[in-house]
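Here the structure is laid out as structure tokens; the discussion comes afterwards.
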Amino acid sequence: MRFYSSWLGFLILLLAVATPSARADDTVGIPVLFKLSNGLRVVVAPDHRAPVVVQMVWYKAGSIDDTPGKTGIAHMLEHMMFRGTKDVPAGQFADRVAAMGGRLNANTNQSGTDYYEEVAKQYLPDVMKLEADRMAGLDLSDALFKPERDVVMEERNLRYDSIPQKLFYEQFYRRFYSVSPQGNPTIGWPQDIRNFTAQDARDWYANFYTPNNAVLLLAGDVTPEEGKKLAEKYYGQIAPRAVLRKPAPLEPVRYEARRVTVHNPDAPTQILARAYRGPGWFEGIAGAAAPVNDIPVLVILARILGYSQTGLLHQELVVNRGLADSVAVYYDPAVRGEVPLSIEVLPKAGVDMAKVEKALDEVLASLLTSGVDEATVTRLVTATKFDQVYVRDDPYLYAYNLGRWLISGGTLDAYINWPDKLPAITPADVLRVARTYLRLEQSATGYLMTTPAPDQTTQPDKGTNQPKEGGL
Amino acid sequence: MRGFYVYACLLVLAVLAPLNGYCDVKVQALTTPKGIPFWLVENKGLPLVGVRVAFRAGSAYDPEGQEGLSALTVSLLNESAGGMDAKTFAEYVQGLGAHLDIATEDDIVGITLTSLRDSRVEAARALHAAIVEPAFTRDDTRRIRDAMAVVVRQNQVDPAVRASRELRKLIYAKHPYGHPVNGYLNTLEKLDSGDVRRFYKTYYTRANMSVSVAGDITPEEAAAFVDAAIDGLPEGKTPEDIPVSYTPPAQYLFVERDIPQTHIRMGHLGIDRKDPDYPAAQLLNYALGGPGFSSRLIKKIRVEAGLAYSVGSYMNPNHVGGTFEVYAQTRNANAERVIAMIKDQIKRIRAYGIEADEYHMAQDYMLGSFPRSIAGTRDLLRQMTIMQMEDLGTDYLNTWPERIRNVTREDIFRVANRLLDPARLTVVAVGGKAADKAGDK
């Protein structure tokens with residue numbers, strides 16, 4: 001769970017004392033956004049404290065764009081991006097970055113797919129050339145595609161099929177959403193992966209991998225002038241294409257509390273999961289306009305419920321009542337589509353799940369009745385605002401967060417400025433927003449039981465998790 | 001978090017950048033007015049300060065039968081402390097916009113505080129509460145112990161973690177490096193706050209401590225911070241090293257699990273950071289099983305034979321007695337073949353050394369990756385801790401590129417024969433039935 005906030009105030013202070021032309025003083029600069037003539041948006045976020053640069057490219061092609069029967073194709077393409085082009089034969093991309101001492105990886109998630117390389121500064125032109133090359137000239141021949149499809153199946157075996165918690169969440173989110181592709185695992189259902197063809201990958205690549213559907217971020221030891229020159233040189237010649245995007249099916253409004261129970265004796269712990277439907281920054285529930293004033297309040301509400309040891313649920317369920325070993329709460333609205341506010345409780349071994357659920361509902365009910373005090377809100381607003389300084393301290397994290405924000409529909413200004421709304425949040429706002437969104441008929445509740453299923457027919461097939469992020 | 005470099009390094013970079021691509025980080029060894037030694041890297045740019053206090057009190061110091069005590073103790077520093085209950089203390093830190101994190105390793109435990117420059121005085125108070133005034137209440141102890149037990153149970157299910165644990169156990173025989181930092185379920189359940197207090201009293205002392213500071217802070221401000229944070233901690237003494245004196249013979253362990261993939265771990269004792277051959281060992285390891293797609297293990301086993309999703313090796317340094325370890329994941333039916341191929345590659349590198357192009361690639365990698373390894377406050381603070389604890393000197397980072405460049409191919413050949421020994425490799429395989437015959441060869 002990541003939160004963003006403005007540290008622009010600090011930057012203005014820093015710049016005020018810096019000589020405008022002296023780079024050495026201006027060690028961390030304001031990010032600059034510009035657009036190339038082919039539609040590629042470029043952000044340069046200078047940070048000259050270390051001779052290291054992160055290049056990251058985001059494509060607006062995520063698992064929310066996967067079509068029925070082709071779940072996991074966004075992630076499959078991510079794998080193919082490492083399989084070679086005419087100029088950089090199979091396997092050499094990673095080889096060349098490794099030879100520079102660089103770090104690279106890629107992620108597929110709901111909103112898009114991102115690729116990054118972190119290298120010593122002098123290698124920036126080399127990795128930009130490599131990344132631009134695979135934006136246009138990827139080899140998606142059958143000969144390369146089929147073995148990589150096997151690799152993806154192996155990845156499922158390795159990283160999902162043996163992990164009971166992940167199998168549980170896969171079932172849980174498929175039930176949480178009736179029709180939205182957000183209920184599918186990012187890696188895809190096994191039967192879909194098995195049936196992928198190279199043509200599926202070619203269609204996906206031809207449609208989505210085009211500069212006007214991408215954002216390039218350069219964060220680290222690079223100036224906006226250098227960044228612009230390099231971006232023009234390596235990406236400027238790639239021709240744009242029209243993107244055809246079928247709108248994802250919208251999850252209808254519902255008035256039904258759902259339940260999912262999975263029995264798995266291999267599970268190391270029980271899990272009680274609860275998720276409520278919630279709005280994202282760029283789209284509300286069931287396709288409604290995003291209620292942008294509610295979102296910072298929901299961010300604070302999630303922290304009131306579950307931020308480290310101070311969270312209300314931790315205090316009640318773990319410390320005071322001794323029913324659980326840990327509680328976590330997630331709400332990450334900077335994505336495409338709506339986004340759940342979700343709670344995970346790990347009950348103590350042997351504690352009755354229904355008892356834990358009852359306690360959870362009591363704590364929430366008492367919040368909805370009496371609200372929260374001002375000191376709590378103020379403290380979490382402070383923590384949330386200052387966390388943005390820590391995010392900027394890490395060029396990778398900064399590029400990731402900003403890139404996902406931009407690809408999902410946000411502007412640079414909005415990214416920098418939204419945390420300014422945080423200090424105005426009052427306990428009354430929190431209470432109103434909690435009453436709006438924490439409603440059982442908008443939720444699903446899941447049990448992962450460590451006991452054997454009473455009836456074998458209710459056991460799930462071995463599938464995969466609902467991974468929010470799928471790595472290389 | 002990345003990137004804390006002093007102003008001067010940009011000037012150095014301007015001259016050296018075309019050749020090197022690394023930068024001189026200036027580490028200062030200082031002493032506070034109250035006599036506490038600490039290391040500092042000054043770095044402007046963001047209004048942040050990071051401080052890491054470490055004690056030689058890692059899981060290697062867990063008494064036998066009390067495995068997990070070190071991790072339990074350090075975890076409890078972030079609970080009730082300084083006259084505040086756990087909740088009040090956490091609220092205090094949050095209200096400052098600061099973070100207090102703990103890390104537990106084999107040799108050391110680290111307590112890291114990151115704070116805004118402007119709230120550093122209040123943040124020093126929080127660090128003092130955690131390090132000098134922890135309460136170790138019975139309730140906190142029970143709760144953290146239970147949370148650790150959950151992690152232990154989760155790790156038992158994860159085949160990769162299981163394989164790695166079993167390998168360490170076999171390689172280190174009776175040495176405490178052989179047990180997991182979180183201990184075992186049956187040792188955790190016996191630990192109480194009295195055990196924690198005894199452990200804390202023995203090891204959390206000034207003589208057994210290192211302090212590292214990095215960020216937007218002057219030497220005077222840093223000294224005041226450290227004095228405020230450490231005030232009142234007793235002098236104590238440095239614990240004796242626990243030498244790794246016994247070298248076990250090659251062993252084979254198969255753990256049957258109903259899963260499609262077998263997780264393989266192989267290894268034997270390795271090398272320490274202080275060893276003059278350490279840079280050569282890192283270059284050797286890069287050529288054999290380093291990251292990327294160019295290592296011999298990746299080329300032969302993943303790229304050419306298509307046998308494994310991942311395979312690689314690493315040199316894991318410890319305070320005493322590091323390890324050399326190889327990991328691989330493959331289908332159950334291929335496990336036996338993959339193990340044989342790994343042994344074959346180790347034999348070859350011992351017999352023939354590495355080629356000129358492998359040598360240059362390894363050096364390029366080590367030099368290019370170097371800035372990344374010290375590029376964040378946390379990364380830098382961790383490096384500074386190791387440098388202090390291992391007595392490597394303040395210029396260790398500055399001389400590292402030169403030491404990499406000075407290694408010859410002959411050195412690597414010699415070190416391959418000194419360090420690697422296929423006959424001594426212990427093998428652990430966690431996977432399905434077809435993998436069981438793997439160790440017979």
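Lettering follows sequence order; numbering is per chain, from 1.
How far CD of A/Glu148 is from NZ of A/Lys146: 14.5 Å, rounded to the nearest 0.5 Å. Rounded to the nearest 0.5 Å, atoms CD (A/Gln315) and OG1 (A/Thr310) are 7.5 Å apart.
No other option in A/Val119, A/Val381, A/Thr269, A/Asp325 has as many heavy-atom pairs under 4.5 Å with chain B as A/Asp325. Heavy-atom pairs under 4.5 Å with chain A were tallied for B/Arg142, B/Met361, B/Arg257, B/Arg143; the largest tally goes to B/Arg143. The residue among A/Gly102, A/Ser308, A/Ala94 with the most heavy atom pairs within less than 4.5 Å of chain B is A/Gly102.
Using a 4.5 Å cut-off between heavy atoms, B/His263 touches chain A through its side chain atoms alone. For B/Ile298, no part lies near chain A; criterion is any non-hydrogen pair under 4.5 Å. Of the two parts of A/Val319, the backbone and the side chain both hold a non-hydrogen atom closer than 4.5 Å to a non-hydrogen atom of chain B. A/Ser326 does not touch chain B: none of its heavy atoms, backbone or side chain, sits under 4.5 Å away. Both the backbone and the side chain of B/Asn78 come within contact range of chain A, with heavy atoms under 4.5 Å apart. Only the side chain of B/Pro260 has a heavy atom closer than 4.5 Å to any heavy atom of chain A. Only the side chain of B/Gln261 comes within less than 4.5 Å of a heavy atom in chain A; its backbone stays farther off. Residue A/Pro164 touches chain B through its side chain alone, counting heavy-atom pairs closer than 4.5 Å.
Not counting sequence neighbours, A/Tyr123 has no partner by the ring pair (Phe, Tyr, Trp, His ring centres under 6.0 Å) test. Legend: residues meeting ring pair (Phe, Tyr, Trp, His ring centres under 6.0 Å) with B/Tyr365, ordered by chain and number and at least two apart, are B/Tyr286.
Between B/Asp85 and B/Ser80, the side chains place no donor N or O within less than 3.5 Å of an acceptor N or O (distance only, hydrogens not considered). Judged purely by distance below 3.5 Å, without hydrogens or angles, the side chains of B/Ser310 and B/Gln329 pair a donor atom with an acceptor atom. For A/Thr384 and A/Arg303, the side-chain atoms include at least one donor-acceptor pair closer than 3.5 Å.
In B/Glu256, the CD atom is crowded: over 12 heavy atoms of neighbouring residues, nucleotides or ligands sit closer than 6.0 Å.
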